[in-house]
Protein chains: 2
Amino acid sequence: MPTNKKKTQVTASPERRRELLGTAAEVFAAQGYNATTVRKIADAAGMLAGSLYYHFDSKESMLDEILSAFLTELWEGYDTVLAAGLGPRETIEALVTESFREIDRHRAAVAIYQKESRHLSAQPRFRYLSDSQQKFEKAWLGTLERGVAARVFRADLDIRLTYRFVRDTVWVAASWYRPGGQHSPEEIARQYLSMVLDGIAVRG
Amino acid sequence: MPTNKKKTQVTASPERRRELLGTAAEVFAAQGYNATTVRKIADAAGMLAGSLYYHFDSKESMLDEILSAFLTELWEGYDTVLAAGLGPRETIEALVTESFREIDRHRAAVAIYQKESRHLSAQPRFRYLSDSQQKFEKAWLGTLERGVAARVFRADLDIRLTYRFVRDTVWVAASWYRPGGQHSPEEIARQYLSMVLDGIAVRG
DNA sequence: TAACCTACCAAACACTTGTTAGGGAAGGTT
DNA sequence: AACCTTCCCTAACAAGTGTTTGGTAGGTTA
């Protein structure tokens with residue numbers, strides 16, 4: 001018999017885990033990770049604080065699971081886009097669209113990631129956050145550089161500034177986006193791309 | 001003799017208060033408000049936790065003072081711009097430039113504001129955060145609408161989306177901006193404006 | 001010198017925090 | 001009927017939290 005299983009995972013059902021992680025993510029996103037007590041999570045889930053430890057072995061592991069699940073799915077989509085061999089502009093368009101779809105699916109996780117990733121990435125357990133961020137930068141910055149070289153993106157801008165600009169414009173949307181609103185993720189992506197690529201000024 | 005003074009403000013010197021608020025703001029910005037203990041602040045200030053209460057009457061009042069001081073100064077600058085009677089495009093340019101100057105001066109406060117304002121604004125004590133946000137929206141959204149009417153901004157974009165776009169792209173900069181870097185606030189503002197107004201794509 | 005003020009320390013307080021241990025009810029399996 | 005599994009509760013724990021109280025070294029004033 002295998003003995004190295006986590007004790008809390010021996011009998012807990014995966015569906016219930018996902019359900020609880022969902023409510024935990026909502027509370028984390030709304031109140032912030034540190035301001036969220038396990039009792040608040042338990043309240044939102046309709047149970048008592050101690051009962052959470054039947055499914056998870058710590059508050060931190062809930063956060064871990066939420067973030068890593070999100071990043072795993074995110075990179076699935078990104079890698080598909082990056083492997084498609086598109087041109088720079090089309091790659092940016094696809095990445096932005098994919099990002100908004102991800103915000104649509106993992107709104108809470110994205111919000112948490114935005115608020116907490118900076119000071120979490122120092123912890124060894126959340127090392128994968130920095131790794132992801134580096135991969136992220138490589139993908140976006142590389143695409144922008146290709147675009148400048150191919151003369152589809154302007155060459156007179158500081159490219160790192162442009163990178164941060166594009167990156168931020170996409171992800172901060174998670175702070176106000178609500179699924180089921182009047183705009184679909186694809187529509188929001190279209191408008192964002194239109195602004196980033198062509199600007200908001202009327203062309204003279 | 002006046003008796004309605006706050007007890008902790010009777011003898012504390014304002015200079016020392018500002019000094020301590022500065023280090024507190026740094027710690028809040030780096031670790032997050034809730035994750036920051038008063039002992040950490042005291043450590044950073046080279047004193048013991050209890051000694052902070054000679055200058056301030058609570059941890060929350062430190063946060064309050066940091067945020068309200070920032071917003072007061074911010075609106076001083078904004079109101080000057082808005083009262084200048086500039087055209088829509090020039091108003092946007094001036095607001096963005098002013099914002100980056102504010103980020104330069106109150107980097108920590110801006111970072112705190114960004115992370116915490118959402119869930120703080122529910123508290124009655126921080127009501128002024130919502131007030132400020134409303135004023136903010138009125139100023140920016142109004143200017144954008146004027147610009148669309150005057151045909152200097154595109155009419156084919158969702159204006160609320162544009163507002164969020166412009167607003168967010170400016171303020172998230174506080175999360176990566178470091179004073180004394182290679183770009184001055186004005187230079188960063190110039191490049192941001194160039195991207196927002198004209199886009200990053202090469203004009204065909 | 002004596003009284004006073006400023007700015008801090010030392011030590012504790014009541015409370016909240018994440019977490020654990022043991023138990024038990026419901027329902028399925030043998 | 002006995003047993004097992006799943007899922008939660010009750011009740012407590014130790015550590016950490018913001019805050020208070022009383023004291024005190026050193027400078028300033030009377």
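Residue numbering restarts at 1 for every chain, and letters A, B, ... go by the order of the sequence lines.
- One interatomic measurement links the two molecules: CG of B:Leu48 to P of D:dG23, which rounds to 18 Å at whole-angstrom precision.
- Nucleotide D:dT17 holds its C1' atom 12 Å from the NZ atom of B:Lys40, rounded to whole Å.
- A cation-pi geometry, defined here as NZ or CZ lying under 6.0 Å from the six-membered ring centre and within 45° of its normal, does not hold between B:Lys135 and B:Tyr128.
- Each of B:Gly50 and A:Glu60 was matched to the nucleotide of DNA chain C holding its nearest heavy atom; the match closer to the 5' end belongs to B:Gly50.
- For residues 26-38 of chain A, proximity to DNA chain C is found at A:Thr36, A:Thr37, A:Val38, defined as any non-hydrogen atom under 4.0 angstrom from a strand atom.
- A:Phe153 meets the ring-ring contact (aromatic ring centres under 6.0 Å, His included) test with no other residue; sequence neighbours excluded.
- Taking atom OH of A:Tyr53 as the reference point, atom P of C:dT17 lies 12 Å away to the nearest angstrom.
- Atoms CG (B:Asp57) and P (C:dA7) sit 16 Å apart, rounded to a whole Å.
- In this view, A:Trp176 satisfies the ring-ring contact (aromatic ring centres under 6.0 Å, His included) rule with no residue, not counting sequence neighbours.
- Remark: B:Ser13 is in phosphate contact with C:dA7, judged by side-chain N or O atoms under 4.0 Å from OP1 or OP2.
- The nearest heavy atom of DNA chain D to A:Leu20 and to B:Ser58 marks one nucleotide each, and the one closer to the 5' end goes with A:Leu20.
- Between the CE atom of A:Met47 and the P atom of C:dA25 there is a distance of 18 Å, given to the nearest Å.
- Under the 4.0 Å criterion applied to side-chain N and carboxylate O atoms, B:Glu26 and B:Arg107 are assigned as salt-bridge partners.
- In this structure, CD1 of A:Ile41 is placed 15 Å from P of D:dC8, rounded to the nearest angstrom.
- Side chain A:Arg39 to base C:dG18: a donor-acceptor pair is found below 3.5 Å.
- Residues forming a salt bridge (charged side-chain N to carboxylate O under 4.0 Å, His left out) with B:Arg89 (at least two apart in sequence, or on another chain): B:Glu93.
- Going from atom NZ of B:Lys59 over to atom P of D:dT17 covers 9 Å, rounded to whole Å.
- C:dC9 atom P lies 13 Å from atom OH of B:Tyr54, rounded to whole Å.
- The shortest distance between the side-chain N/O atoms of A:His55 and the OP1/OP2 oxygens of D:dC8 is below 4.0 Å.
- Residues meeting the ring-ring contact (aromatic ring centres under 6.0 Å, His included) test with B:Tyr163, sequence neighbours left out: none.
- In this structure, of D:dC7, D:dC9, C:dC8, it is C:dC8 that holds the atom nearest to the side chain of B:Ser51.
- A close approach under 4.0 Å does occur between a side-chain nitrogen or oxygen of A:Arg16 and OP1 or OP2 of D:dC8.
- For the salt bridge (charged side-chain N to carboxylate O under 4.0 Å, His left out) condition, no pair includes a residue of residues 28-45 of chain A, sequence neighbours left out.
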